[in-house]
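Structure, as structure tokens:
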Amino acid sequence: MFYDWEDGLSESEADGSFLHENWNKGAHTLGFSHCNQFADRIYNFSKQNPVDPTLNPNYASQLQQQCLKNVDPRIAVNMDPNTPRKFDVYYKNLQQGQGLFSSDQVLFTTRCQNRP
């Protein structure tokens with residue numbers, strides 16, 4: 001059985017442009033990442049904001065607990081904090097500020113400039 005990507009989308013989101021812009025976000029719903037790959041988002045984002053302001057504060061705190069400063073580089077966390085072993089709709093995590101990678105959050109918050 002295939003997952004219906006339009007399940008749970010509003011009528012305006014279910015048009016082709018939304019799905020085209022967001023299809024690749026499902027790729028980060030499974031797997032893990034080593035803490036050093038995203039540590040700057042939770043400790044050194046900028047001088048004004050040590051934590052990336054696009055991160056949900058509770059999720060950022062959870063990541064900081066799992067990935068302490070100067071943590072062993074072999075330590076890893078799940079890419080999807082809610083359903084790490086299920087291929088589901090990762091973009092819903094992004095809507096809640098729970099995207100592990102800044103590249104995902106940027107794709108979610110930035111509209112595609114070159115539509116087909």
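- Residues V77 and C67 approach most closely at CG1-SG, 3.8 Å, considering heavy atoms.
- At least one side-chain heavy atom of F45 sits under 4.5 Å from a side-chain heavy atom of P53.
- With rounding to the nearest 0.5 Å, the separation of CZ in F101 from CD in Q37 is 7.0 Å.
- Sorted by first and then second residue, the pairs that involve residues 66-76 and meet salt bridge (Lys or Arg N to Asp or Glu O under 4.0 Å), not counting sequence neighbours, are D72-R74.
- Side chain of N36 to main chain of P73: no donor-acceptor pair is present (N/O by atom type, distance under 3.5 Å, no hydrogens or angles).
- Considering every non-hydrogen atom in both S33 and L100, the closest pair reads CB-CD2, 3.7 Å.
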Show which side-chain atoms of residues 58-65 pair as donor or acceptor with protein atoms under 3.5 Å away, not counting sequence neighbours.
from	atom 1	to	atom 2	distance (Å)
Q64	NE2	I42	O	2.6

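- Here D104 contributes atom CG and F38 contributes atom CZ; the two are 12.5 Å apart, rounded to the nearest 0.5 Å.
- Annotation for V71: hydrophobic cluster partners, listed by chain and number, are I75 (ILVMFWY side-chain heavy atoms under 4.5 Å, direct or chained).
- Atom-to-atom distance recorded for N78:CG and Q66:CD is 7.5 Å, nearest 0.5 angstrom.
- Closest approach of L68 and Y43 over heavy atoms only: CA-OH, 3.5 Å.
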